[in-house]
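Note on naming: letters A, B, ... go to the chains in the order of the sequence lines (proteins, then strands), and numbering restarts at 1 for each one.
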Amino acid sequence: MKTTVKELYARFEELNNQEVTLFGWVRNNRAQKEFGFINLNDGTFFETIQVVYENEILDNFKETQKLRVGSSVRVKGILVVTPSMKQPFEIKAREVEMLGDSLEDYPIQPKRHSREFLRENAHLRPRTNLFSAVFRVRSILNHAIHTFFQDRNFVHLAAPLITASDAEGAGETFKVTTLDLDSVPKIKDGEVDYHEDFFQKKANLTVSGQLQAEAFALAFKDVYTFGPTFRAENSNTTTHASEFWMIEPEIAFADIHDDMQLAEDMVKFIIEYVIKRAPKEMEFFNKFVQKGLLEKLNKVVSSDFIRITHKEAVKVLLDSGQKFENLPKYGDDLATEHEKFLVKHFDGPVFVIDWPKDIKAFYMRMNDDNETVAAMDLLVPGSGELIGGSQREERLEYLEKRMEEMNVPKEELWWYLDLRKYGGCKHAGFGLGFDRMLMYLTGIENIRDVIPFPRTPRNCEF
RNA sequence: GCCUAAUUAGCUCAGUUGGUUAGAGCACAUGACUGUUAAUCAUGGGGUCCUAGGUUCGAGUCCUAGAUUGGGCGCCA
């Protein structure tokens with residue numbers, strides 16, 4: 001019977017004394033004079049299976065003794081339940097066939113490696129315990145997101161990755177062009193002639209699918225996007241990548257409070273979903289990556305998220321007596337040190353709402369005080385700003401005024417303004433950093449270690 | 001982009017005040033071993049001490065510049 005490690009762990013009791021065939025990679029090989037042990041992993045399950053081989057049974061015993069870590073093999077043998085041993089069952093091999101050798105200089109050894117070294121071997125690191133766990137959970141997290149929204153009748157849309165709008169704010173974008181960069185066509189005063197370009201205008205990779213999601217929300221009511229996003233900022237931190245994934249739900253006939261409730265429900269759902277479907281991996285993170293991780297996550301699921309206004313948050317910071325590098329101020333953004341203090345102070349995720357209008361985007365709905373907007377950030381320990389969202393300005397005249405004040409070109413966003421002209425309604429949404437969510441779930445401290453092949457400034461290997 | 005630290009064997013690291021032939025564990029190779037599980041034990045091979053200059057009788061060690069990497073901060077809808 002051709003089977004997998006995952007299946008054997010699920011059914012080993014009923015398969016006692018049956019013959020099975022496995023394909024996988026050698027994680028460890030401990031050879032002795034007349035017998036030896038191979039730890040086999042086939043990628044389907046976090047655990048390995050111990051294969052016992054004996055000189056009396058195998059004709060290629062000598063070759064099997066010399067199998068190196070990383071080799072791919074086929075193993076045929078009898079499953080034997082071993083209740084008194086360290087492992088619940090093992091395979092008594094009848095045949096062990098090497099399929100692919102692993103050369104002497106194989107970098108991945110059965111020992112602890114530094115994260116930095118494994119980053120430089122991003123093509124091999126999914127074979128380690130840690131990254132096997134990270135990327136399986138990443139896959140499950142992906143599914144959790146879709147399940148959460150699909151179960152609630154949200155419609156998924158794929159927002160475009162190439163946009164022509166230059167009106168999305170201060171974020172540095174990657175340019176998309178088919179122009180010959182060695183000989184760019186110019187118009188009279190030396191400026192680039194984009195009429196010669198593929199789209200006949202400036203184009204760039206998207207920094208957000210939100211504006212398009214709004215258009216769909218005003219047709220389907222509840223929608224979400226889930227896809228990659230690109231930022232060309234020269235950011236060198238543990239929470240920034242040049243290419244990352246975002247989830248951006250958008251809900252119509254809803255305000256900022258509905259928005260926060262959705263965010264809170266989603267975070268709780270995701271945590272429960274992942275813990276249930278990747279218990280081995282989550283235990284591993286709990287033990288070896290961040291002690292107390294599971295306790296922290298379980299607490300998040302069972303408690304209500306704190307909600308405070310930006311003003312209250314600044315007051316908490318000022319009253320704390322804590323010395324900060326940057327002095328907290330009512331009109332200013334929160335610095336990283338402030339965010340860290342707040343999540344520690346409240347010992348869990350914190351929504352900060354009602355932000356000063358001048359530090360937020362043009363589309364956020366003006367509050368009645370005319371000074372703050374209906375924006376919310378969800379701060380969590382370890383990943384900083386996990387979610388940023390807002391109620392959107394649905395009143396055409398307010399929106400146009402803000403665009404003028406903030407120098408956002410109205411002509412390019414004519415279609416966005418149309419949404420306010422034809423059956424506009426109050427609506428809200430948020431963006432969740434998928435990779436940061438994964439950091440939060442696993443306790444991994446660097447975003448480069450939760451992305452299969454991360455892109456950051458000066459790094460586009462693999 | 002700013003500040004800071006690091007770079008020595010395939011990996012993780014030690015290397016004293018500038019002084020003989022730069023070490024250890026793991027990995028690898030050879031051998032021993034009748035239940036190992038990061039197996040153990042013995043033996044062996046393996047080095048452009050990041051790069052380029054400089055100081056010195058003598059540099060892994062001190063100085064200058066650069067590269068790469070980590071951390072902190074900034075930038076960041």
Take the protein atom [atom1] of [X] and the nucleotide atom [atom2] of [N], then report the distance between them rounded to whole Å.
X	N	atom1	atom2	answer
A:Glu233	B:C75	CD	C1'	7 Å
A:Glu116	B:G10	CD	P	18 Å
A:Glu104	B:G10	CD	P	13 Å
A:Phe37	B:C33	CZ	C1'	12 Å

Presence of [X] side-chain N/O under 4.0 Å of [N] phosphate oxygens OP1/OP2:
X	N	result
A:Lys33	B:C33	yes
A:Lys92	B:G35	no
A:Arg231	B:C75	no
A:Arg30	B:C33	no
A:Ser114	B:G70	no
A:Asn39	B:A38	no
A:Lys86	B:A38	yes
A:Asn234	B:G1	yes

If I pick the C1' atom on B:G10 and the same atom on B:G19, what distance separates them, to the nearest angstrom?
31 Å

Choose from B:U36, B:U30, B:U34 the nucleotide whose nearest atom is closest to any side-chain atom of A:Gln50.
B:U36

A:Arg420 pairs by salt bridge (Lys or Arg N to Asp or Glu O under 4.0 Å) with which of A:Glu214, A:Glu400, A:Glu397?
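Only one option passes, and that is A:Glu214.
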
Report the C-alpha distance between A:Thr372 and A:Asp369 in whole Å, list the side-chain angles of each, state the deciding distance to 0.1 Å, and finish with yes or no for side chain to side chain donor-acceptor pair (under 3.5 Å).
CA-CA 7 Å; A:Thr372 59; A:Asp369 62 11; 2.7 Å; yes

The criterion is side chain to side chain contact (heavy atoms under 4.5 Å, CB included); which residues satisfy it with A:Tyr9, sequence neighbours excluded?
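In terms of side chain to side chain contact (heavy atoms under 4.5 Å, CB included), with neighbours along the sequence ignored, A:Tyr9 is linked to A:Val5, A:Phe45, A:Glu47, A:Ile49, A:Pro88, A:Phe89.
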
